[in-house]
Amino acid sequence: MEYNHKVIEKGWQKFWAENGTFRTSESTDKPKYYVLDMFPYPSGAGLHVGHPLGYIASDIFARFKRLKGFNVLHPMGYDSFGLPAEQYAIQTGQHPAITTEVNIDRYREQLDNIGFSFDWSREVRTSDPAYYKWTQWIFMQLFHAWYNKDADKAESIDTLVNRFEQTGSKGVNAACDEDVRIFSAEEWAAFMPEQQLEELLKYRLAYLRESTVNWCAALGTVLANDEVINGVSERGGYPVEQKKMMQWSMRITAYAERLLTGLDTVDWPEPLVEMQRNWIGKSIGATVCFPLPQLETYIEVFTTRVDTIYGVSFVVLAPEHELVSALTTDEQRAAVDDYIATTSKKSELDRMSDVKAVSGVFTGAYAKHPLTGQDVQIWIADYVLAGYGTGAVMAVPSGDQRDYLFAKHFDLPIIPISDSQDISEAADPNKDGRYINSEIINGLTYEQAVPAVIDQLQALGLGKGKINYRMRDAIFGRQRYWGEPVPIYFKDGLPYLIDKEELPLLLPEVDKYLPTETGEPPLGRAHDWRYKGENMYELSTMPGWAGSSWYWFRYMDPQNPNTFASKEAVDYWKSVDLYIGGSEHATGHLLYSRFWNKFLKDWGCQGEEEPFKKLINQGMIQGRSNFVYRIMDAEGKGTNKFVSYGLKGDYQTMALHVDVNIVSNDVLDLEKFKAFRPDFADAEFILEDGKYHCGHEVEKMSKSKFNVVNPDDIIEQYGADTLRLYEMFLGPLEQSKPWNTNGIEGVYKFLKKLWRLFHDAEGNFHISNEEPTKAEYKALHKIIKKVEDDIERFSFNTSVSAFMICVNELTDLKCNKIKILQDLVIVLQPYAPHIAEELWCLMGQPKGTISYASYPAFNPEYLVESEFAYPVSVNGKTRLNLPLALDLDAKEVEDLVLANEEVQRYIDGKPIRKIIFVKGKIINIVI
RNA sequence: GCCUAGGUGGUGAAACUGGUAGACACGCAGGACUUAAAAUCCUGUUCCUGUUAAAGGAGUGCGGGUUCGAUUCCCGCCCUAGGUACCA
């Protein structure tokens with residue numbers, strides 16, 4: 001029989017499914033290994049050839065680990081709540097659950113075609129009530145928690161109430177809202193119950209608060225910071241504005257420091273770690289107070305350069321700063337109001353686009369410099385952001401470029417503060433010199449000055465050291481339908497948790513998936529949707545990231561009705577050993593997941609500080625569009641003549657996208673092209689060497705560019721094993737690359753060659769029991785070693801090449817020895833499981849047992865005898881590279897070196913460091 | 001601007017701790033088998049000089065440096081991709 005991928009692959013996929021080959025259980029002595037893929041959102045477009053890249057890599061790894069004797073958890077599921085299904089529902093009226101179901105079925109079919117070793121009995125779907133019950137449960141725990149900074153962990157809100165009852169708010173060190181009240185135990189007891197609840201809300205990890213949010217009118221919902229890219233929504237690219245709204249939020253900032261330090265303990269790609277560090281944005285500095293005697297208050301600023309405090313020549317507030325209105329003088333009021341009105345009208349985008357323009361206005365008021373006591377002007381300007389630090393800055397024009405430009409523009413003083421500064425053209429922030437014009441720190445260095453200033457400010461009660469984070473709390477509500485309902489009801493305007501027994505709180509049916517006439521979210525349309533028939537439920541739903549922030553736990557125990565995952569399962573599987581997915585989730589999913597994981601640790605639900613030990617980012621596969629060149633006539637109109645790429649310079653042409661599926665190696669299939677569109681039916685061509693060559697360009701994969709390649713088409717033509725090998729062969733896993741099928745023939749040929757090793761010219765299966773030769777063992781052990789090394793360092797592409805070399809060598813040796821081929825097939829199994837299973841079976845092994853086989857042991861003896869060198873140690877230090885074939889001990893090496901005249905000339909009395917041999921000849925001696 | 005990754009033939013790429021640069025594959029050229037095609041196999045293929053060959057020279061973005069030796073390490077610059085941005 002010839003190699004027939006269609007028969008082989010379908011058969012084995014059926015066998016795996018029917019026999020539950022990849023079911024995982026916890027009852028085994030084997031060590032555990034958890035390999036996870038980022039689960040997909042099942043979109044209507046189905047999988048394209050780029051999606052499986054990471055899944056193939058993780059599948060290879062999972063299969064390899066199984067061969068290495070690990071109990072491997074390798075699950076798959078769907079992140080099935082999301083905007084596209086809902087947008088589709090708005091347009092068509094079809095329930096998102098139906099759309100989602102259809103899409104999932106399609107995904108499943110496509111995934112099955114590739115032959116993954118997923119344990120489908122553990123599948124999860126975030127939109128399944130049995131799943132989101134636990135998403136809601138986790139929300140309830142977060143609502144019921146506060147963050148105790150002294151213990152550096154989340155605790156039950158009951159412990160906080162307890163402390164309020166015992167000692168009031170004194171001594172409570174919590175991550176909480178800014179506006180918490182200060183009260184004694186007696187005052188707490190005297191609060192009305194509603195007042196107490198209102199106060200507690202300021203401490204909860206899931207809390208409701210009026211805050212500035214990113215409002216996207218087109219989507220009708222608020223968005224988290226990571227869902228806003230360059231001032232427009234990540235989904236759809238709609239404009240986003242700032243708006244004050246009552247919103248559910250997650251107090252992720254409580255975990256800022258742990259999220260930061262945890263990054264040092266994980267094995268993640270450096271760019272990703274860096275992205276998270278920047279997103280958290282820790283800066284170490286100080287707060288400084290500028291007194292306002294007339295108002296009996298002060299302006300608090302945050303600075304990372306307290307040492308420059310004597311260079312302050314004015315103070316700038318954000319236009320939204322709360323003190324602006326109080327301190328503006330009557331003469332300036334009109335100008336200030338005007339400025340505030342203009343800036344508030346600017347959208348996020350406008351504000352970013354004129355970053356360079358200097359604008360601002362004087363309030364007319366003055367603050368006292370905390371150290372010199374001099375009056376400094378107070379300005380407002382939109383370069384100061386209300387949302388960062390204290391919304392106010394001390395301006396040091398000599399040390400900060402923005403302050404410098406502002407000072408130049410409005411003719412404000414610029415005070416040099418260091419003897420090494422050059423401020424003739426621009427601000428100079430260097431820290432190298434000694435301070436001048438700086439009273440108590442004159443003549444000091446930067447290192448000496450910082451503590452001196454902070455000590456002085458602290459003594460005056462006008463400042464202290466402070467650490468600031470750029471990261472904001474995450475907005476948790478979405479005014480949308482297709483998401484988890486928030487398990488909250490309202491009574492007298494205050495939020496209460498629903499009873500645990502009421503979980504899951506099911507998503508109610510609605511007549512339309514649009515906001516109500518009064519502007520309520522779609523859930524406002526649900527009939528009689530009230531808690532215990534009385535109280536209004538929360539009408540927002542949870543954001544897309546809610547369900548994905550803990551799903552790896554559910555895979556451990558997916559059907560458990562009593563808990564999100566049993567203690568035994570969580571203790572056994574612990575955390576994800578290898579996680580593969582795209583880097584686009586750096587500041588979203590991966591950060592939120594770490595946050596919930598840490599919370600669940602604090603809550604005693606699991607014991608791991610970090611959820612994903614090792615992480616690999618697979619690159620994106622872009623589309624590679626092909627073009628044909630239509631010749632234009634004298635009037636600039638398109639003719640039906642097309643010229644090959646290399647000759648298009650001779651004509652006036654227009655480039656047209658052509659379906660990449662009718663192009664092979666950039667050569668157009670003329671017949672298929674004529675059938676591509678009716679008006680091309682009688683197209684004429686100007687060819688090069690009898691062929692029509694297409695132009696090409698790398699673009700995003702999209703239907704309109706005719707560059708989408710569906711994995712099913714590749715599998716139909718070449719088979720899943722070829723697809724798997726080829727996607728790996730394409731280049732390093734982490735690298736983004738355009739899809740092309742230029743080399744796929746080579747991979748397909750390799751599989752056919754392998755098949756032929758077992759089959760004679762007539763196509764009959766043929767295998768020999770003879771003892772292999774040394775050369776045959778060498779070929780085998782080379783590949784055993786190579787694949788093992790490659791998989792451990794995720795260099796899958798080089799393995800594919802190594803397989804080809806191995807099969808070429810065995811073909812040259814005419815090797816059909818069972819002792820060689822059985823081991824080779826096991827080594828190949830992770831990459832090309834179908835053909836491996838088939839050959840394994842043909843060689844007389846019981847059907848399907850290759851999945852439980854052991855990876856063959858590598859024996860280095862078979863690799864020795866090469867003409868090449870390896871290092872030898874002589875006299876402790878000297879390293880020599882010598883031909884292994886010589887088989888010498890250290891003394892003999894030394895003698896050999898000393899006997900060699902050429903070497904002697906070089907040694908010249910000095911000890912030899914290294915001798916370089918190439919092809920058995922000394923080419924160099926290192927002294 | 002800042003941070004991070006990268007730049008090697010016609011193409012995808014390899015070279016794991018500095019040691020024969022371009023493995024492997026595609027493409028291309030030539031050949032074998034065939035009436036022919038497909039399939040398969042063989043040979044060649046970094047560039048330049050050289051009629052073929054022998055042989056020589058150059059060569060891993062550019063310019064320097066360290067080293068006996070640099071794709072690999074160091075310094076400066078250019079380009080590409082991703083992230084981020086009045087963050088005080």
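Atoms considered below: every heavy atom in the structure, side chains included; atoms not considered: hydrogens, waters and symmetry mates. Within every chain, numbering begins at 1; the chains are lettered A, B, ... in the order of the sequence lines, protein sequences first and strands thereafter.
- To the nearest whole angstrom, the two C1' atoms, one in B/A23 and one in B/A15, are 8 Å apart.
- Phosphate contact (OP1/OP2 of B/A25, side-chain N/O of A/Asn808, threshold under 4.0 Å): present.
- At B/U84, none of the side-chain N or O atoms of A/Arg470 fall inside 4.0 Å of OP1 or OP2 (strictly under the cut-off).
- Nearest-nucleotide mapping onto RNA chain B: of A/Val747 and A/Arg305, the residue sitting toward the 5' end is A/Val747.
- Base orientation of B/G9: syn, the glycosidic angle falling within 90° of 0.
- Across B/C33 and B/U43, the matching C1' atoms stand 16 Å from one another, rounded to whole Å.
- Ring pair A/Tyr388/A/Phe302 is perpendicular by interplanar angle, where above 60° counts as perpendicular and below 30° as parallel.
- What separates OH of A/Tyr718 from C1' of B/A25 is a distance of 14 Å, to the nearest Å.
- Base-pair partner of B/U46: B/A58 (Watson-Crick or G-U wobble, both distances under 3.5 Å).
- With a cut-off of 3.5 Å on both Watson-Crick or G-U wobble distances, the partner of B/A81 is given as B/U4.
- Checking B/C41, B/A88, B/C24 against the side-chain heavy atoms of A/Phe729 singles out B/C24 as nearest.
- Taking 4.0 angstrom as the limit, A/Gln735 places a side-chain polar atom (N or O) nearer than this to OP1 or OP2 of B/A13.
- Looking only at side-chain heavy atoms (C-beta outward), A/Leu754 and A/Leu828 come within less than 4.5 Å of each other.
- When both distances must be under 3.5 Å, the Watson-Crick or G-U wobble mate of B/G12 is B/C24.
- Between B/A15, B/C87, B/C24, one nucleotide has an atom nearer to the side chain of A/Thr798 than all others, and that is B/A15.
- In this structure the side chain of A/Phe803 never reaches within 4.5 angstrom of the side chain of A/Lys786, judged on heavy atoms.
- The same atom, C1', is picked in B/G64 and in B/U52; the two are 42 Å apart, to the nearest Å.
- Within the shown strands, nothing qualifies as a pairing partner of B/U72 under the Watson-Crick or G-U definition with both distances less than 3.5 Å.
- Of the side-chain N and O atoms in A/Tyr388, one or more sit less than 4.0 angstrom from OP1 or OP2 of B/A88.
- Closest approach to the A/Lys749 side chain among B/C87, B/C3, B/C26 is made by B/C26 (side chain taken as heavy atoms from C-beta onward).
- One C1' atom belongs to B/C26, the other to B/G22, and the distance between them is 15 Å to the nearest Å.
- Using a 4.0 Å heavy-atom distance criterion, A/Arg277 is classed as making no nucleic acid contact.
- Among the atoms of the strands shown, none is found under 4.0 Å from any heavy atom of A/Lys786.
- Across the protein-nucleic acid pair, A/Gln401 atom CD and B/G1 atom P stand 14 Å apart, rounded to whole Å.
- Rounded to an integer number of Å, the gap from CZ of A/Arg402 to C1' of B/G1 is 12 Å.
- Between A/Lys752 and B/A39 there is no side-chain N or O to OP1 or OP2 distance below 4.0 Å.
- Relative to the side chain of A/Met804, the nucleotides B/C42, B/C24, B/C41 differ in distance, and B/C24 lies closest.
- Here B/C16 is the nucleotide among B/C3, B/A13, B/C16 with the atom lying nearest to any side-chain atom of A/Arg793.
- Checked against B/U4, B/C24, B/A13, the side chain of A/Glu270 finds its nearest nucleotide in B/U4.
- Side-chain contact annotation: A/Asp473 with A/Thr253, donor-acceptor N/O pair under 3.5 Å present.
- For B/A81, neither phosphate oxygen OP1 nor OP2 lies less than 4.0 angstrom from any side-chain nitrogen or oxygen of A/Lys737.
- Of the candidates B/A88, B/G12, B/C16, the closest approach to any side-chain atom of A/Leu730 belongs to B/G12.
- For the P atom pair drawn from B/G61 and B/U11, the interatomic distance equals 14 Å after rounding to whole Å.
- Residue A/Asn797 has a polar side-chain atom (N or O) positioned under 4.0 Å from OP1 or OP2 of B/A14.
- Rounding to whole angstrom units, CG of residue A/Leu725 and P of B/G12 are separated by 21 Å.
- With both ends at atom C1', the span from B/A81 to B/C73 equals 25 Å, rounded to whole Å.
- Taking for each of A/Thr304 and A/Asp789 the nucleotide of RNA chain B with the nearest heavy atom, the 5'-most of the two is the partner of A/Asp789.
- Nucleotides B/C75 and B/U66 are separated by 15 Å at their P atoms, to the nearest Å.
- Taking the C1' atom of each, B/G50 and B/G56 are spaced 9 Å apart, rounded to whole Å.
- A cation-pi geometry, defined here as NZ or CZ lying under 6.0 Å from the six-membered ring centre and within 45° of its normal, holds between A/Lys785 and A/Phe858.
- Across the strands present, B/C86 finds no partner; the criterion is a Watson-Crick or G-U wobble pair with both atom distances under 3.5 angstrom.
- Taking 4.5 Å as the limit, some side-chain heavy atom of A/Tyr3 sits within range of a side-chain heavy atom of A/Asp721.
- Remark: C1' of B/C24 and NZ of A/Lys782 are 12 Å apart, rounded to the nearest angstrom.
- Listed nucleotides B/A88, B/U84, B/C26 differ in distance to A/Trp279; the shortest reach to its side chain belongs to B/U84.
- A/Tyr748 has its OH atom 16 Å from the P atom of B/A38, to the nearest Å.
- Across all strands shown, B/A37 has no partner, as no Watson-Crick or G-U wobble contact with both distances under 3.5 Å is found.
- Between the side chains of A/Tyr446 and A/Asn430, no donor N or O sits under 3.5 Å from an acceptor N or O.
- A/Pro269 comes within 4.0 angstrom of nothing in the nucleic acid, heavy atoms only.
- Under a cutoff of 6.0 Å and an axis angle of 45°, A/Arg594 and A/Trp279 do not form a cation-pi pair.
- Taking the side chain as every heavy atom from C-beta outward, A/Phe314 and A/Phe410 never approach each other to under 4.5 Å.
- When the P atom of B/A81 is taken as reference, atom CE of A/Met275 falls 16 Å away, rounded to whole Å.
- The side chain of A/Tyr383 has B/C86 as its nearest neighbour among B/C86, B/A14, B/A25.
- Put simply, CD on A/Glu734 is 17 Å from P on B/G83, counting in whole angstrom units.
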